[in-house]
Participant: 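What follows is a structure written as structure tokens; I'll ask about it next.
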Amino acid sequence: MSSLSGRKRKSQAVGRKRTLKQAENGEDKGHKKASSKLNEEISSDSETENFTEDKSKKQKQDEDEEIEETAQEKKLRLAKLYLEQLRQHEEENAEQDAFENDLIAGRLQEEVLEQKGKLRRLVAKNYLPPDEKDIRVLRGHKLPITCLVISPDDKHIFSASKDFNIIKWDLTSGRKIHTIEGKRKGAEEQQVGHAAHILCMAISSDGKYLASGDRGKLILIWEAATCKYLYKFTGHRDAVSGLSFRKGTHQLYSASHDRSVKVWNVSENAYVETLFGHQDVITGLDSLSRERCVTSGGRDGSVRIWKIAEESQLVFLGHAGSIDCVQLINEEHIISGADDGSIALWGVTKKKPLALVKQAHGVHGDEGLEQPYWICSVAALLNSDVVATGSHDSKMRLWKCGEGFRSLEPLFEIPLIGFVNSLKFSTSGNFLVAGVGQEHRLGRWWRIKEARNGVYIIPLKKVGAQDSGQLQKS
């Protein structure tokens, strides 16, 4: 019994020893694992420090290599950079020169074609009818507008009226810049200005001189910039009805109801010569850069081209009524309008019209007694295929010149109440200016009471952003 209990105590003691030994072994293993993990963490930090040190060493080494560039190598590098800049500069200059040469060549080609009368910009297809709300009216004249001109830079408008006054307008703002007042009765000697209805005006192509002519047989010359009076030309025996400066010069052509055409040198304040040929009063005159002008001869039914240097004239017949207005489209083609309601296109090589549109603005009056609306004014966008006509039918019309100027096709109408006594396109072709009155510029046959005497600025809408238009040699 006692031996059995002794063996039992011995086995319990052995078990306790084994348990204690296992616990010690477990602690050793945990300690080893913790030590291993700590060693790993310490090893990772060391690698980061080593990488940073390597990177800084490499940067220092690169800097040392840059510093080690010799003076000769630096000169070579800068020389290569300079040569590269020179090459780029020369290429840019070559491109610019080529562009300028192309531009000059194109401009010279246009000038040659213009001189020959063969320059034609096909722009009619680009125009759209304007909105009525975009049309501006400049009010300042008390009586009907008879004539107007636009300055070459498209910044100013000069308008004249039966009230003897000339007004200079700022086109952008519509503001009145200056008024050249006419002479009052009884004070003609003390005042400078017109003492009769002003029928025509012209401005030189450089914008320096403005000329105006009236029913009192006088031509007055003004400084366009300041509206300062310079001098007057006398010599016509009746009303002065047409004026035009030869493009690029200060040579002035004048036409009169005395059936003559006179030539003046404005810059020298000199008379040059007188030309005769028309059989009735001359109602209109126009010119471009050639030493010639074109006139409309009223009831003699002729349009005439006067060759000044050759002292000769060409006679064109085609209208049935009095030809009241005429305008050059280019050096070779002409548009004219008459009181029989017809408009005609002419070529300088043909004695008959290339195209004739009768009753272009319709007719008025009782049935069986209809009369055509007179053509009061015509205008042409220079060297293009667009022309405009004005009457007193409450509409202004734009027309397209067909191929070879052998037809006139209507583009659209613009509502305008009153007598459209004067029409001018801007140089840019972006707007059209109309001088409107209650009466015809040459008389008082009718009076349209609802009309407003004023200058109408009509913006011409175009399809998208168009360039200068396709060129064609006609």
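Count residues from 1 along the sequence.
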Participant: Would you confirm whether the ring centroid of His364 sits within less than 6.0 angstrom of the ring centroid of His392?
Facilitator: yes
Participant: For Asn453, enumerate each residue passing the side chain to side chain donor-acceptor pair (under 3.5 Å) test, keeping only those at least two apart in sequence or located in another chain.
Facilitator: none
Participant: Are a donor atom and an acceptor atom from the side chains of Ser260 and Thr274 found within less than 3.5 Å of each other?
Facilitator: no
Participant: Out of Leu288, Asp286, Val261, which one pairs with Cys293 under the side-chain contact (heavy atoms from CB on, under 4.5 Å) rule?
Facilitator: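 The passing option is Val261.
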Participant: Classify the angle between the aromatic ring planes of Trp222 and His194 as parallel (below 30°), tilted (30 to 60°) or perpendicular (above 60°).
Facilitator: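 Because their plane-to-plane angle lies in the 30° to 60° range, the rings of Trp222 and His194 count as tilted.
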Participant: Below 6.0 angstrom between ring centroids: does that apply to Trp446 and His440?
Facilitator: no
Participant: Go through the structure and list residues passing side chain to side chain donor-acceptor pair (under 3.5 Å) with His361, not counting sequence neighbours.
Facilitator: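 Side chain to side chain donor-acceptor pair (under 3.5 Å) check on His361 returns Thr389, Asp393, Arg397.
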Participant: Taking 4.0 angstrom as the limit, do Arg299 and Asp339 come out as a salt bridge?
Facilitator: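 Judged by the 4.0 Å cut-off on N to carboxylate O distance, Arg299 and Asp339 do form a salt bridge.
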Participant: Would you say Tyr82 and Glu84 are linked by a side-chain donor-acceptor pair, where the criterion is simply a distance under 3.5 Å?
Facilitator: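 No - no donor-acceptor pair under 3.5 Å links their side chains.
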Participant: Answer yes when Asp170 and Lys176 have at least one side-chain N-carboxylate O distance shorter than 4.0 Å, and no when they do not.
Facilitator: no
Participant: Would you kindly say whether Trp169 and Ser159 are connected by a side-chain donor-acceptor distance under 3.5 Å?
Facilitator: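 The criterion, which ignores hydrogens and geometry beyond distance, is satisfied for Ser159 and Trp169.
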Participant: If you measure only the distance, is there a donor-acceptor pair under 3.5 Å linking the side chains of Asp214 and Ser212?
Facilitator: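 No, Ser212 and Asp214 have no side-chain donor paired with an acceptor closer than 3.5 Å.
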Participant: Side chain to side chain donor-acceptor pair (under 3.5 Å) with Thr146: which residues, sequence neighbours excluded?
Facilitator: none
Participant: Which residues satisfy the side-chain contact (heavy atoms from CB on, under 4.5 Å) test with Ile203, sequence neighbours excluded?
Facilitator: Val149, Ser151, Pro152, Phe158, Leu210, Ala224
Participant: Does any donor atom in the side chain of His250 or Asp206 lie under 3.5 Å from an acceptor atom in the other side chain?
Facilitator: yes
Participant: Atom OG in Ser384, atom CG in Leu122: separation rounded to 0.5 Å?
Facilitator: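 The OG atom of Ser384 sits 9.0 Å away from the CG atom of Leu122.
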Participant: Show, in sequence, the C-alpha distance, side-chain angles and deciding distance for Ile145 and Asn421, and conclude whether the side-chain contact (heavy atoms from CB on, under 4.5 Å) test is met.
Facilitator: CA-CA 7 Å; Ile145 309 294; Asn421 288 323; 5.6 Å; no
Participant: Does any pair with a residue in residues 121-143 pass ring pair (Phe, Tyr, Trp, His ring centres under 6.0 Å), and if so which ones, sequence neighbours excluded?
Facilitator: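 Listed by first then second residue: nothing to list.
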Participant: Begin with the C-alpha distance, continue with both residues' side-chain angles, and end with the deciding distance and a verdict on side-chain hydrogen bond (donor to acceptor under 3.5 Å, both in side chains) for Ser289 and Glu331.
Facilitator: CA-CA 8 Å; Ser289 55; Glu331 295 285 6; 2.8 Å; yes
Participant: Can you tell me if Ser428 and Asp154 form a side-chain donor-acceptor pair at under 3.5 Å?
Facilitator: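 The answer is yes; a qualifying pair exists.
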Participant: For Ile221 and Leu252, run side-chain contact (heavy atoms from CB on, under 4.5 Å): C-alpha distance rounded to whole Å, both residues' side-chain angles, the deciding distance at 0.1 Å, then the answer.
Facilitator: CA-CA 10 Å; Ile221 306 298; Leu252 177 68; 4.1 Å; yes
Participant: Please check if any side-chain donor atom of Lys142 sits under 3.5 Å from a side-chain acceptor atom of Asn165, or the reverse.
Facilitator: no
Participant: Check whether more than 12 heavy atoms from other residues, nucleotides or ligands sit under 6.0 Å from atom NZ of Lys155, and answer yes or no.
Facilitator: no
Participant: Stepwise, does the salt bridge (Lys or Arg N to Asp or Glu O under 4.0 Å) test hold for Arg290 with Glu332?
Facilitator: CA-CA 11 Å; Arg290 289 183 185 174; Glu332 300 285 321; 2.9 Å; yes
Participant: Given the rule in the salt bridge (Lys or Arg N to Asp or Glu O under 4.0 Å) test, do Arg259 and Asp300 qualify, once you have shown the distances and angles that lead to the verdict?
Facilitator: CA-CA 10 Å; Arg259 309 180 188 182; Asp300 75 1; over 6 Å; no
Participant: Can you tell me if CG on Leu143 sees more than 12 non-hydrogen neighbours from other groups inside 6.0 Å?
Facilitator: yes
Participant: Ion pair present between Arg87 and Glu91, side-chain N to carboxylate O less than 4.0 angstrom?
Facilitator: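 Yes, this pair counts.
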Participant: Any luck finding a side-chain donor-acceptor pair between Lys307 and Ser312 under 3.5 Å?
Facilitator: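 No, Ser312 and Lys307 have no side-chain donor paired with an acceptor closer than 3.5 Å.
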Participant: Going by the rule side chain to side chain donor-acceptor pair (under 3.5 Å), which residues pair with Glu439 if we only count those two or more places apart in sequence or in a different chain?
Facilitator: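 Partners of Glu439 under the side chain to side chain donor-acceptor pair (under 3.5 Å) test: Lys162, Arg444, Arg447.
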Participant: Is there a side-chain contact between His236 and Ser254, using heavy atoms and a 4.5 Å cut-off?
Facilitator: yes
Participant: Check whether more than 12 heavy atoms from other residues, nucleotides or ligands sit under 6.0 Å from atom CZ of Arg139, and answer yes or no.
Facilitator: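 Correct, the count exceeds 12.
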